[in-house]
A.B. asks: 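Sharing a structure here in structure tokens format.
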Amino acid sequence: MAVAAAIACRLLRLRAAGAGGHWRRLRGAGLPRGFLQPASAGEDAAQWRRVAHFTFQPDPEPLEYGQTQKMNLFQAVTSALDNSLAKDPTAVIFGEDVAFGGVFRCTVGLRDKYGKDRVFNTPLCEQGIVGFGIGIAVTGATAIAEIQFADYIFPAFDQIVNEAAKYRYRSGDLFNCGSLTIRAPWGCVGHGAVYHSQSPEAFFAHCPGIKVVVPRSPFQAKGLLLSCIEDKNPCIFFEPKILYRAAVEQVPVEPYNIPLSQAEVIQEGSDVTLVAWGTQVHVIREVASMAQEKLGVSCEVIDLRTIIPWDVDTVCKLVLCFIGCFLSYDKIMSPSFIHYMLNATPRCMFWNT
Amino acid sequence: MKGQPPLSPRRGRILEGLLANMAVVTAAARVLGSSRGLGQDGLLLLRRLGVRGLAISHPQRQQQRFSSLDDKPQFPGASAEFIDKLEFIQPNVISGIPIYRVMDRQGQIINPSEDPNLPQEKVLKFYKSMTLLNTMDRILYESQRQGRISFYMTNYGEEGTHVGSAAALDNTDLVFGQYREAGVLMYRDYPLELFMAQCYGNVSDLGKGRQMPVHYGCKERHFVTISSPLATQIPQAVGAAYAAKRANANRVVICYFGEGAASEGDAHAGFNFAATLECPIIFFCRNNGYAISTPTSEQYRGDGIAARGPGYGIMSIRVDGNDVFAVYNATKEARRRAVAENQPFLIEAMTYRIGHHSTSDDSSAYRSVDEVNYWDKQDHPISRLRHYLQSRGWWDDEQEKDWRKQSRKKVMEAFEQAERKPKPNFSLLFSDVYQEMPAQLRKQQESLARHLQTYGEHYPLDHFEK
């Protein structure tokens with residue numbers, strides 16, 4: 001990880017040197033736009049606070065799912081929720097402030113369209129939101145809970161880990177809460193600081209019984225969210241908040257599914273495998289092209305997509321062929337899911353277990 | 001009716017008199033019922049006191065109606081009047097919410113109009129469920145002491161709360177319990193074989209042997225599987241009630257918990273959600289005096305759990321949990337109204353935990369044997385009901401002797417059968433984690449199978465089903 005970070009830093013400095021020749025100092029209360037403009041946008045853009053950056057790299061328009069529409073990530077989420085509520089009469093969406101459209105506008109228009117008994121606010125209590133959602137799911141109805149920021153998911157940790165994850169197992173499959181999906185805005189955004197930037201997927205990665213999914217783009221988000229909602233296991237869907245507006249793509253209007261527990265090889269390569277999820281996928285894509293350009297290294301780029309149960313086969317199969325694997329993340333430097341993957345990868349490489 | 005704002009008869013000048021009236025009015029509200037505003041009797045009482053009259057005859061009030069110049073509070077957060085005297089509301093724990101009962105401690109009906117007048121066979125079912133539970137408890141407690149099962153929790157003293165409430169529900173009403181509600185399942189005719197199977201974790205256990213004893217669950221009887229973490233079931237029950245409301249299922253959800261679990265954050269969450277989202281749910285608190293060793297004086301300082309209900313906007317009542325008819329009446333009425341009006345009800349059933357917390361507990365460490373004996377001998381739900389039955393001529397000592405023998409025989413038979421059965425196959429360690437078994441788990445399952453093939457002699461494989 002340190003190696004990947006070091007390479008990335010070196011490459012980024014090369015790039016920055018090209019754009020303005022020196023780092024700009026951090027400004028207080030900088031606008032998030034600063035992050036989203038490519039380095040080549042000129043002096044004005046360079047004046048905005050820019051310590052690190054990434055450029056969202058859209059995928060080509062999908063042709064196999066019918067008519068598409070330009071959507072950003074929160075619109076893609078709204079579209080998925082709209083499709084779900086239309087298809088499944090038991091589906092309900094709830095959480096803090098979802099009624100007026102949500103603090104990130106993911107539920108705009110849904111209350112008017114589907115009614116106040118299906119899209120409603122709850123009191124400000126995450127343990128209540130998730131517990132309530134579990135209860136709805138136990139009756140067989142579809143529950144889509146929103147936690148306002150992933151940073152605030154911790155009061156619900158007991159309900160998620162001790163209850164939701166274990167419901168089916170502990171009851172001998174008499175009861176389950178498989179029709180529960182929890183959504184939360186996730187990851188760094190530039191101005192969020194300690195409590196609006198966290199990426200807590202590692203805490204949940206240790207917990208069998210739930211699925212944890214992180215999309216990298218609007219097209220991925222809609223397909224993966226629909227899969228989570230339809231999946232018969234409780235799912236946590238983390239939405240990279242920095243991509244809500246910044247990521248714009250052509251997204252099919254009709255519902256479609258992207259399978260869970262399947263990593264995607266975005267770019268083929270022959271020397272090194274880079275693995276990431278969410279926002280960081282775009283960073284490693286850029287790193288891959290820089291590595292090719294500056295170092296002549298051919299990188300394979302994998303988007304993990306589902307954190308647990310993760311696609312061990314895809315990652316290990318490709319790693320077998322290469323001299324090494326860099327697992328990239330933008331999180332705090334303490335034991336994270338990366339470490340777990342590093343442990344697992346050699347085992348599957350050498351002992352095929 | 002739901003939605004009526006409470007009356008607040010205070011007015012500026014006559015403060016002392018008003019405060020005195022307020023105290024009487026509050027007491028009247030409690031006695032006359034209905035925490036959502038005073039009923040007709042309450043209004044009458046107020047008029048007699050002249051408080052309401054004061055309000056109406058006050059010159060300023062007569063002339064000004066809802067104008068913006070009116071000096072009335074406009075805050076969205078509360079519907080209340082101003083007061084210009086600084087006074088803290090005193091929590092009333094000396095004369096708390098009164099305890100509704102139908103029978104006295106000798107099983108005699110106090111107020112005949114409250115007698116539910118249940119038919120003989122139904123009351124006999126109450127009695128037999130409670131006594132069968134008691135017998136099963138004794139035998140399984142002993143079996144833990146003998147090392148046959150790993151753990152057990154008895155229900156001594158609380159049988160009335162289980163059976164009285166279960167009897168007042170429909171069979172399809174969903175039950176979320178904590179761990180001391182076996183009588184609900186007993187009343188719903190859960191077979192002894194399955195109680196035992198779960199405690200022994202044998203091959204007949206519907207839960208596939210995955211949990212500690214007394215963590216029962218039954219889909220057929222709409223009893224959600226028990227989990228060890230306390231109070232987690234409370235917001236879940238609220239969600240289930242919401243879904244039942246949306247489905248127009250004409251179904252109520254009942255959620256049991258102890259007074260200790262009511263301290264958990266999940267309890268607060270559940271109450272608040274149920275009230276704001278208008279869910280047809282009955283919160284049934286078994287206040288049995290202890291949470292393991294912690295007495296109620298160390299659990300809360302307010303007037304128990306019932307007093308918390310109005311704080312959330314929930315209709316609440318306190319009942320004598322050892323009076324099976326009181327529990328029945330309260331639950332019956334709560335069920336009727338919860339479904340009809342889509343609102344939550346809170347019933348606090350006062351009772352006493354005669355047994356230890358569990359087989360891992362020796363309660364003589366924190367309470368006197370005299371205290372326990374009092375409840376066992378002087379105020380026990382089973383004896384009170386027996387006195388009632390005997391006074392009605394529906395039961396006598398001969399039948400009592402026969403039933404004791406019969407129930408013990410039934411329990412012993414189920415017990416012996418349960419002991420003989422093997423445990424579930426070890427491959428069931430890995431299933432049901434997810435609906436489908438992921439590749440990694442399948443690999444672990446296969447790895448264990450291979451390990452046992454090679455080293456099986458070191459494991460008690462004979463105890464497990466092949």
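Computed from heavy atoms alone, side chains included, the values below leave out hydrogens, waters and symmetry copies.
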A.B. asks: Contact part of I129(A) toward chain B, heavy-atom cut-off under 4.5 Å: side chain, backbone, both or neither?
C.D. replies: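 Interface part for I129(A): both.
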A.B. asks: Any salt bridge between D432(B) and R210(B), counting N to O under 4.0 Å?
C.D. replies: yes
A.B. asks: Need one label for I281(B): side chain, backbone, both or neither, based on atoms under 4.5 Å from any heavy atom in chain A.
C.D. replies: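 Answer is neither: I281(B) stays 4.5 Å or more from chain A.
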A.B. asks: For L428(B), is it the side chain, the backbone, both or neither that has a heavy atom under 4.5 Å from a heavy atom of chain A?
C.D. replies: backbone
A.B. asks: Let me know if A143(A) has heavy atoms under 4.5 Å from chain B in its side chain, its backbone, both or neither.
C.D. replies: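 No part of A143(A) comes within 4.5 Å of chain B.
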A.B. asks: With only heavy atoms counted, which part of Q159(A) is less than 4.5 Å from chain B, the side chain, the backbone, both or neither?
C.D. replies: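 Only the side chain of Q159(A) comes within 4.5 Å of chain B.
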A.B. asks: Under 4.5 Å, counting heavy-atom pairs only, tell me which of F132(A), Y167(A), F94(A), Y169(A) racks up the most with chain B.
C.D. replies: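 Ranked by contacts with chain B, first place is Y169(A).
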A.B. asks: A243(B), S228(B), A241(B): which one forms the most heavy-atom pairs within less than 4.5 Å of chain A?
C.D. replies: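 Of A243(B), S228(B), A241(B), A243(B) has the most heavy-atom pairs under 4.5 Å with chain A.
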A.B. asks: With a 4.5 angstrom heavy-atom cut-off, is it the side chain or the backbone of D158(A) that approaches chain B, or both, or neither?
C.D. replies: side chain
A.B. asks: I'd like to verify something: which residue of L174(A), N176(A), T90(A) has the highest number of heavy-atom pairs under 4.5 Å with chain B?
C.D. replies: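 Option with the greatest count: L174(A).
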A.B. asks: Which answer fits L206(B), side chain, backbone, both or neither, if we ask what part of it has an atom under 4.5 Å from a heavy atom of chain A?
C.D. replies: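 Its backbone and side chain both get close to chain A.
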A.B. asks: Go through the atoms of S447(B) and report whether side chain, backbone, both or neither lie under 4.5 Å from a heavy atom of chain A.
C.D. replies: neither
A.B. asks: I'd like to know which of G209(B), P424(B), C218(B) tops the heavy-atom pair count under 4.5 Å against chain A.
C.D. replies: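 The answer is C218(B).
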A.B. asks: Please look at V92(A) and chain B and tell me whether the side chain, the backbone, both or neither of the residue comes under 4.5 angstrom of a heavy atom of that chain.
C.D. replies: side chain
A.B. asks: Side-chain donor-acceptor pairs under 3.5 Å in residues 257-265 of chain B, sequence neighbours left out?
C.D. replies:
{"from": "E259(B)", "atom 1": "OE1", "to": "N288(B)", "atom 2": "N", "distance (Å)": "3.2"}
{"from": "E259(B)", "atom 1": "OE2", "to": "Y290(B)", "atom 2": "N", "distance (Å)": "3.2"}
{"from": "S263(B)", "atom 1": "OG", "to": "Q299(B)", "atom 2": "OE1", "distance (Å)": "2.7"}

A.B. asks: Counting heavy-atom pairs under 4.5 Å with chain A, which one of T276(B), D205(B), T232(B), V238(B) comes out on top?
C.D. replies: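 Going by pairs under 4.5 Å, I would pick T232(B).
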A.B. asks: Please flag which part of F271(B) lies under 4.5 Å from any non-hydrogen atom of chain A: side chain, backbone, both or neither.
C.D. replies: neither
A.B. asks: Look at the side chain of Q233(B) and the backbone N and O of A231(B), then say whether any donor-acceptor pair between them is shorter than 3.5 Å.
C.D. replies: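 Yes.
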A.B. asks: Please report, to 0.1 Å, the donor-acceptor pairs under 3.5 Å made by any side chain of residues 193-201 of chain B, with sequence neighbours excluded.
C.D. replies:
{"from": "E193(B)", "atom 1": "OE2", "to": "K421(B)", "atom 2": "NZ", "distance (Å)": "3.1"}
{"from": "Q198(B)", "atom 1": "OE1", "to": "V214(B)", "atom 2": "N", "distance (Å)": "2.9"}
{"from": "Q198(B)", "atom 1": "OE1", "to": "H215(B)", "atom 2": "N", "distance (Å)": "3.3"}
{"from": "Q198(B)", "atom 1": "NE2", "to": "M212(B)", "atom 2": "O", "distance (Å)": "2.9"}
{"from": "Y200(B)", "atom 1": "OH", "to": "E419(B)", "atom 2": "OE2", "distance (Å)": "3.2"}

A.B. asks: On the 0 to 90° scale, with breaks at 30° and 60°, tag the H451(B)-Y455(B) ring pair as parallel, tilted or perpendicular.
C.D. replies: tilted
A.B. asks: Does any heavy atom of chain B fall under 4.5 Å from the side chain of P89(A), the backbone, both, or neither of them?
C.D. replies: backbone
A.B. asks: Against chain A, label F176(B) side chain, backbone, both or neither, depending on which of its atoms sit under 4.5 Å from a heavy atom there.
C.D. replies: side chain
A.B. asks: Supply the atom-to-atom distance C235(A) SG to L260(A) CG, rounded to the nearest 0.5 angstrom.
C.D. replies: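 Here the rounded value is 6.0 Å.
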A.B. asks: Please flag which part of N233(A) lies under 4.5 Å from any non-hydrogen atom of chain B: side chain, backbone, both or neither.
C.D. replies: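 Looking at N233(A), just its side chain touches chain B.
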A.B. asks: Is D117(A) paired with R246(B) through a side-chain N to carboxylate O contact shorter than 4.0 Å?
C.D. replies: yes
A.B. asks: Establish, from distance only, whether the side-chain atoms of Q148(A) and D97(A) form a donor-acceptor pair under 3.5 Å.
C.D. replies: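 D97(A) and Q148(A) do have a side-chain donor-acceptor pair below 3.5 Å.
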A.B. asks: Please identify, among K232(A), R170(A), R118(A), K211(A), the residue contributing the most non-hydrogen atom pairs under 4.5 Å to chain B.
C.D. replies: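 Top option by heavy-atom pairs under 4.5 Å: R170(A).
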A.B. asks: Does Q445(B) use its side chain to pair, donor to acceptor, with the backbone of S427(B) at less than 3.5 Å?
C.D. replies: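 Yes.
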A.B. asks: Under 6.0 Å between ring centres, would you say that holds for F283(B) and Y312(B)?
C.D. replies: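 No, the ring centres sit 6.0 Å or more apart.
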A.B. asks: Apply side-chain contact (heavy atoms from CB on, under 4.5 Å) to residues I182(A) and F237(A) and explain how you reach the verdict.
C.D. replies: CA-CA 6 Å; I182(A) 302 166; F237(A) 187 76; over 6 Å; no
A.B. asks: Identify whether the distance between the nearest side-chain nitrogen and carboxylate oxygen of E264(A) and R305(A) falls below 4.0 Å.
C.D. replies: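 Yes, E264(A) and R305(A) are salt-bridged.
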A.B. asks: Would you mind checking which part of Y434(B) comes under 4.5 Å of any heavy atom in chain A, side chain (CB onward), backbone (N, CA, C, O), both or neither?
C.D. replies: both
